[in-house]
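None of these values were measured; they are calculated from a predicted model. Lettering follows sequence order; numbering is per chain, from 1.
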Protein chains: 2
Amino acid sequence: MKIGELSKRTGVSIRMLRYYEAEGLLKPGRTESGYRDYDMAEVRTVERIKLLGAGGMTLPTILQFLACVRGEGPIFEPCDELRVTLRQQIRLVEEKTEKLAQNHNVLTSFLAEIGEG
Amino acid sequence: MKIGELSKRTGVSIRMLRYYEAEGLLKPGRTESGYRDYDMAEVRTVERIKLLGAGGMTLPTILQFLACVRGEGPIFEPCDELRVTLRQQIRLVEEKTEKLAQNHNVLTSFLAEIGEG
DNA sequence: TTAAGGTCTGACAGCGCTGTCAGAGTCAAG
DNA sequence: CTTGACTCTGACAGCGCTGTCAGACCTTAA
């Protein structure tokens with residue numbers, strides 16, 4: 001599949017799909033004429049990246065996870081190192097969730113003070 | 001109180017305190033010699049800004065809320081317009097929370113797959 | 001063949017946020 | 001008075017992400 005189609009399927013802009021590639025997150029094949037040629041499975045990958053990114057995870061960080069999760073070859077060692085990162089990230093997500101909850105409270109309080117209108 | 005103290009009390013860098021001011025979120029008085037002079041109440045304000053910001057809210061957006069919440073004068077009209085923004089922001093926060101939750105799932109699944117180690 | 005639309009690369013720019021540096025003035029304690 | 005810590009302004013730069021533009025090539029359908 002070409003980049004335009006992947007973009008439509010995932011809702012991620014063409015610009016960003018190329019950026020993901022530049023950051024090493026995607027490695028599409030190329031047609032003879034140089035067009036990127038994506039495998040269907042990449043739709044899931046992109047959605048996963050999107051999700052992780054929405055959680056405030058940085059692309060290089062996501063890259064670490066992809067390398068492990070994809071299970072390319074006998075890579076068990078790197079995963080050891082990833083457990084730490086993983087736990088840190090989970091912790092981060094939890095902190096962010098916490099802050100969002102407080103945020104939600106602040107906002108709804110404001111709304112209440114102003115009057116539900 | 002001078003900027004350094006406010007910075008220490010809130011954990012917000014001096015740089016950022018000045019930035020908040022540039023964005024209209026803080027309006028400290030000035031000593032004769034031009035030093036910023038903050039009122040004690042600003043500690044709360046800064047913490048509020050920090051919290052809202054941690055939720056991904058942009059400074060100009062926070063500014064809108066502060067103007068209303070501070071209740072400076074008989075400003076009821078602007079609040080009418082703010083209700084919409086407020087609801088949008090709450091919606092945004094909820095969406096982010098949702099994504100973070102999914103994110104958390106993805107991460108903990110990864111960790112489980114790798115092995116709790 | 002021609003025209004329209006997709007794609008390529010590379011560069012530039014902007015967003016919001018943050019740090020840092022330079023050069024100057026201020027303040028408090030010795 | 002001198003020194004060291006603090007503050008001022010203004011500018012520059014970086015982060016990660018995103019859009020856009022230019023100039024060229026490819027593909028498809030009329």
Side-chain angles (χ1 to χ4, degrees), chain A residues 1-39 42 46-66 85 89 92-93 95-96 99-100 103, chain B residues 1-39 42 46-66 85 89 92-93 95-96 99-100 103:
Chain A
M1 140 184 45
K2 283 183 289 184
I3 200 168
E5 188 181 346
L6 182 58
S7 174
K8 274 170 195 153
R9 282 182 193 262
T10 60
V12 172
S13 74
I14 291 177
R15 176 69 180 83
M16 288 312 293
L17 290 176
R18 294 203 265 244
Y19 184 58
Y20 285 178
E21 181 176 352
E23 295 294 299
L25 293 167
L26 295 175
K27 296 192 176 62
R30 296 284 180 149
T31 66
E32 287 177 359
S33 54
Y35 281 19
R36 271 164 263 253
D37 186 22
Y38 296 92
D39 178 309
E42 299 312 305
V46 171
E47 278 165 357
R48 202 167 258 185
I49 294 171
K50 210 171 130 188
L51 177 63
L52 261 5
M57 204 170 298
T58 206
L59 255 22
T61 304
I62 296 176
L63 177 59
Q64 294 186 292
F65 297 124
L66 286 189
T85 313
Q89 285 296 328
L92 262 181
V93 167
E95 281 166 12
K96 279 187 183 166
K99 283 185 180 158
L100 277 184
N103 217 316
Chain B
M1 144 182 41
K2 283 184 289 184
I3 199 168
E5 188 181 345
L6 182 57
S7 174
K8 272 170 196 154
R9 281 182 194 261
T10 60
V12 172
S13 74
I14 291 176
R15 176 70 180 81
M16 288 311 294
L17 290 176
R18 294 203 264 244
Y19 184 59
Y20 287 177
E21 181 176 352
E23 295 294 298
L25 293 166
L26 294 175
K27 295 191 177 62
R30 296 284 180 147
T31 66
E32 287 177 359
S33 55
Y35 282 20
R36 270 164 263 254
D37 185 22
Y38 297 92
D39 179 308
E42 299 312 306
V46 172
E47 277 165 357
R48 202 167 257 185
I49 294 171
K50 210 172 131 187
L51 177 61
L52 261 5
M57 204 171 298
T58 206
L59 256 21
T61 304
I62 297 175
L63 177 58
Q64 294 186 295
F65 297 124
L66 286 190
T85 313
Q89 285 296 327
L92 261 182
V93 167
E95 281 166 13
K96 279 187 185 168
K99 282 185 181 156
L100 278 184
N103 217 316

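- In this entry the distance linking CD1 of I14(A) with P of dC8(C) reads 8 Å, nearest Å.
- Residue R30(B) contributes atom CZ, which lies 8 Å from atom C1' of dC8(D) at whole-angstrom precision.
- Rounding to the nearest 0.5 Å places CZ of R48(B) at 15.0 Å from OG1 of T10(B).
- In plain terms, the two heavy atoms of L26(B) and P28(B) that are nearest each other are C-CD, 3.5 Å.
- In this structure, the side chains of I3(B) and R18(B) come closer than 4.5 Å at one or more pairs of heavy atoms.
- At a cut-off of 3.5 angstrom, the base of dC27(C) holds no donor-acceptor pair with the side chain of Y35(B).
- Listed here is the closest heavy atom pair of A54(A) and K99(B): CB-CD, 3.3 Å.
- The phosphate of dC8(C) has neither OP1 nor OP2 within less than 4.0 Å of any side-chain N or O from S33(A).
- Note: CG (D37(B)) to P (dC8(D)) measures 10 Å, nearest angstrom.
- For L6(A) and dT7(C), the CG to P distance is 10 Å, given to the nearest whole Å.
- Shown are L17(B), L59(B), V46(B); of these, the side-chain contact (heavy atoms from CB on, under 4.5 Å) with L25(B) is made only by L59(B).
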In the 5'-to-3' direction, what one-character label does each nucleotide of nucleotides 13-24 of chain D receive under the scheme B = base within less than 4.0 Å of a protein heavy atom, S = sugar-phosphate only, - = no such atom?
---SSBBB----
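- We find that CD of E21(A) is positioned 13 Å from C1' of dT7(C), with the value rounded to whole Å.
- Residue K2(B) contributes atom NZ, which lies 6 Å from atom C1' of dC27(C) at whole-angstrom precision.
- The interatomic distance linking L17(A) (CG) with dT7(C) (P) rounds to 10 Å, in whole Å.
- Heavy atoms only, all atoms of each residue included: L63(A) and G24(A) are closest at CD1-O, 3.2 Å.
- Residue T31(A) places none of its side-chain N or O atoms closer than 4.0 Å to OP1 or OP2 of dC26(D).
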